[in-house]
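Throughout, a chain's letter reflects where its sequence line sits, starting with A, and its residues are numbered from 1.
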2 protein chains.
Amino acid sequence: MENRMTIEKYIQNQAISDIEDNCLKSTQDFLKLLSSKWTINILYVLNKNSIKRFGELKKEIPGITSVMLSSTLRKLEKFDVISRKQFNSIPPQVEYFLTEKGKKLIFIFYEIDTWLGKI
Amino acid sequence: MENRMTIEKYIQNQAISDIEDNCLKSTQDFLKLLSSKWTINILYVLNKNSIKRFGELKKEIPGITSVMLSSTLRKLEKFDVISRKQFNSIPPQVEYFLTEKGKKLIFIFYEIDTWLGKI
DNA sequence: CTGAATCCCGAGTGATACTG
DNA sequence: CAGTATCACTCGGGATTCAG
């Protein structure tokens, strides 16, 4: 068990630190990323397959463009949800996969879908 | 214990239903609402005070306009996060408060802030 | 093959004025 | 008091083109 704040304490203090602009903003940024158009699709594919190349992701997510795939992947990388492994070959090859932290994200989606009454 | 899908089953099936457009969209819409600019502030105030009038919310959330407060409150009401009680008096009086479902939302924020390493 | 650069449109957000 | 109507602006998202 980590030494983190208990839920009871969190309920009392909720957003006391969260309400400070910077801290609040990081939660919002993260939620915005999760809600952005292609994020769930990407996480779904990576959760199913563990490792995928850029082109494979593009093929398995109908409608996505290179621009959106690339930019969404970079944002997910910034939050340490996914990781990138680049092979300096020609043609170039890049592999994407969920980090350990990223795999834990599914618990959050589980809670959200439960809250929404979907499951 | 509800008769809902277990987390193990969810991990296997994750987004199998979620990936269907309508179902996916409702999760995205909800996350978008949570990530929108004033939502956390509103939930914070209502979580602290249980009942607040429109004008009180406006006073306690610096910078928010009537337009944004009103539209955010209506979206939160649609998702059954908050509830509205209107008194047909002059001048008009409207009270907002968290629903039972809304109170459970704090668990999700708790999980998210934990995931982000904030707490 | 894996993106970056550019341009464009619509949605989210905001300022102001107005009403029952 | 509790909003709505309207207009303006910014930014996310998409189409296209191009490069290492």
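- Comparing the end axes of the helix from C:dC1-D:dG20 to C:dG20-D:dC1, each fitted to five base pairs by superposing C1' atoms of four pairs onto the next four, gives an inter-axis angle of 50° (nearest 10 degrees).
- In this structure, CG of A:L73 is placed 17 Å from P of C:dC1, rounded to the nearest angstrom.
- Straight-line distance from the CD atom of B:E95 to the P atom of D:dC1: 15 Å, rounded to whole Å.
- Annotation: side chain of B:L69 is in contact with side chain of B:I42 (closest heavy-atom distance under 4.5 Å).
- Between the side chain of A:K118 and the main chain of B:C23, a donor-acceptor pair closer than 3.5 Å is present.
- Interface residues of residues 57-66 of chain B facing DNA chain C, ordered by number: B:T65; criterion, heavy-atom separation under 4.0 Å.
- Not counting sequence neighbours, the partners of A:T39 by the side-chain hydrogen bond (donor to acceptor under 3.5 Å, both in side chains) test are A:S36.
- Scanning for ring pair (Phe, Tyr, Trp, His ring centres under 6.0 Å) contacts around A:Y96 gives an empty result, with sequence neighbours left out.
- Side-chain atoms of A:W38 do not come within 3.5 Å of backbone N or O of A:G63 as any donor-acceptor pair.
- One can place CD1 of A:I40 at 13 Å from P of D:dG13, the figure rounded to the nearest angstrom.
- For B:S35 (side chain) and A:Q28 (main-chain N/O), no donor-acceptor pair under 3.5 Å exists by modelled atom type.
- A donor-acceptor pair under 3.5 Å is absent between the side-chain atoms of B:N47 and the main chain of B:L43, judged by distance alone.
- Inter-residue side-chain proximity for B:F97 and B:S83 is flagged as met; some heavy-atom pair is nearer than 4.5 Å.
- Residues B:I7 and A:F107 form a side-chain contact, since some pair of their non-hydrogen atoms from C-beta on lies under 4.5 Å apart.
- Phosphate contact (OP1/OP2 of C:dA4, side-chain N/O of A:S70, threshold under 4.0 Å): present.
- Scored by the ring pair (Phe, Tyr, Trp, His ring centres under 6.0 Å) test, A:F54 finds no partners at all (sequence neighbours excluded).
- Shown for residues 74-94 of chain A: residues whose heavy atoms fall under 4.0 angstrom of DNA chain D, namely A:P92.
- Whole-Å rounding puts the B:F54 CZ to D:dG3 P distance at 5 Å.
- Taking atom CE of A:M68 as the reference point, atom P of C:dA4 lies 13 Å away to the nearest angstrom.
- Distance alone, capped at 3.5 Å, is enough to place a donor-acceptor pair between the B:Y110 side chain and the A:M5 backbone.
- Listed in residue order, the members of residues 30-39 of chain A having a heavy atom less than 4.0 Å from DNA chain D are A:S36, A:K37, A:W38.
- The distance between atom CD of B:E56 and atom P of D:dC1, rounded to the nearest whole Å, is 11 Å.
- At C:dG3, one or more side-chain N or O atoms of A:Y96 fall inside 4.0 Å of OP1 or OP2 (strictly under the cut-off).
- Counting only residues at least two apart or in different chains, ring-ring contact (aromatic ring centres under 6.0 Å, His included) contacts with residues 57-78 of chain B are absent.
- Using a 4.0 Å cut-off, no side-chain N or O of A:R53 falls inside it from OP1 or OP2 of C:dC1.
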Every protein N/O within reach of nucleotides 5-10 of chain D N/O, cut-off under 3.5 Å:
none

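- Considering only residues two or more places apart in sequence or on other chains, B:K103 meets the salt bridge (charged side-chain N to carboxylate O under 4.0 Å, His left out) condition with B:E100.
- Rounded to whole Å, the distance from CG on A:N41 to P on D:dG14 is 11 Å.
- Listed by first then second residue, pairs satisfying ring-ring contact (aromatic ring centres under 6.0 Å, His included) with a partner in residues 65-87 of chain A read A:F30-A:F79, not counting sequence neighbours.
- Applying the salt bridge (Lys or Arg N to Asp or Glu O under 4.0 Å) test to residues at least two apart or on different chains, the pairs with a partner in residues 57-86 of chain B are B:K52-B:E60.
- Separating the CD atom in A:Q86 from the CD atom in A:Q93 is a distance of 10.5 Å, to the nearest 0.5 Å.
- Spacing between atom CD of B:Q28 and atom C1' of C:dG12 amounts to 16 Å, rounded to whole angstrom units.
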